[in-house]
Amino acid sequence: MDALQKAVEFLRAGRKAEAQNILIALVKQDATNAQAWYLLSYTLAERPQQIDCLKRALHLNPNHAQARARLDKLSGVEVKTPSPKSSPP
């Protein structure tokens with residue numbers, strides 16, 4: 001399992017501190033890792049820091065849909081999505 005996947009597993013388990021340690025090491029080693037910047041945003045408590053990570057991820061990969069959606073949410077941008085239609089049972 002690579003370091004990025006290990007960080008994801010820690011995040012899923014609610015172990016943000018361990019995920020953060022891995023992700024900080026990853027971005028120090030490779031500052032162009034957009035996915036690491038995106039995931040790092042989930043480990044930080046302060047919204048401005050989260051937004052900074054997401055902006056870095058989007059600078060590196062403008063097509064990173066998850067980072068864009070999270071940044072929009074944190075920035076208070078309302079994204080209109082179609083309301084789900086009820087499906088037959």
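Computed from a prediction, not measured in an experiment: that's the story for all the values here.
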I'd like to know if the side chain of [X] and the backbone of [Y] have a donor-acceptor N/O pair within less than 3.5 Å.
X	Y	result
Arg68	Leu58	no
Thr43	Leu40	yes
Trp37	Ala31	yes

Please round to the nearest 0.5 Å and tell me the distance separating atom [atom1] of [X] and atom [atom2] of [Y].
X	Y	atom1	atom2	answer
Leu23	Gln35	CG	CD	9.5 Å
Ile51	Glu46	CD1	CD	11.0 Å
Leu39	Gln66	CG	CD	8.0 Å
Arg47	Ser41	CZ	OG	11.5 Å
Leu74	Cys53	CG	SG	10.5 Å
Leu60	Asn33	CG	CG	8.5 Å

Can you list everything that forms a salt bridge (Lys or Arg N to Asp or Glu O under 4.0 Å) with Arg15? Sequence neighbours excluded, please. Glu18
Please name all residues satisfying salt bridge (Lys or Arg N to Asp or Glu O under 4.0 Å) with Arg70, sequence neighbours left out, ordered by chain then number.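 For Arg70, no residue satisfies salt bridge (Lys or Arg N to Asp or Glu O under 4.0 Å) once neighbours in sequence are set aside.
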Which residues share a side chain to side chain donor-acceptor pair (under 3.5 Å) with Asn21, sequence neighbours left out: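 Asn21 satisfies side chain to side chain donor-acceptor pair (under 3.5 Å) with no other residue.
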If the condition is side chain to side chain donor-acceptor pair (under 3.5 Å), which residues does Gln50 pass it with, not counting sequence neighbours? none
Tightest non-hydrogen contact, residues Ala67 and Ala57, listed as CB-CB, 4.2 Å
Distance-minimising heavy-atom pair for Leu26 and Ala3: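 Taking every non-hydrogen atom into account, CD2-CB, 4.0 Å.
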Side chain to side chain contact (heavy atoms under 4.5 Å, CB included) with Gln5: which residues, sequence neighbours excluded?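 Gln5 satisfies side chain to side chain contact (heavy atoms under 4.5 Å, CB included) with Met1, Asp2, Val8, Glu9, Arg12 only.
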By side chain to side chain contact (heavy atoms under 4.5 Å, CB included), Asn63 pairs with (sequence neighbours left out) Asn61
Taking C-beta and beyond as the side chain, do Phe10 and Lys16 meet within less than 4.5 Å on heavy atoms? no
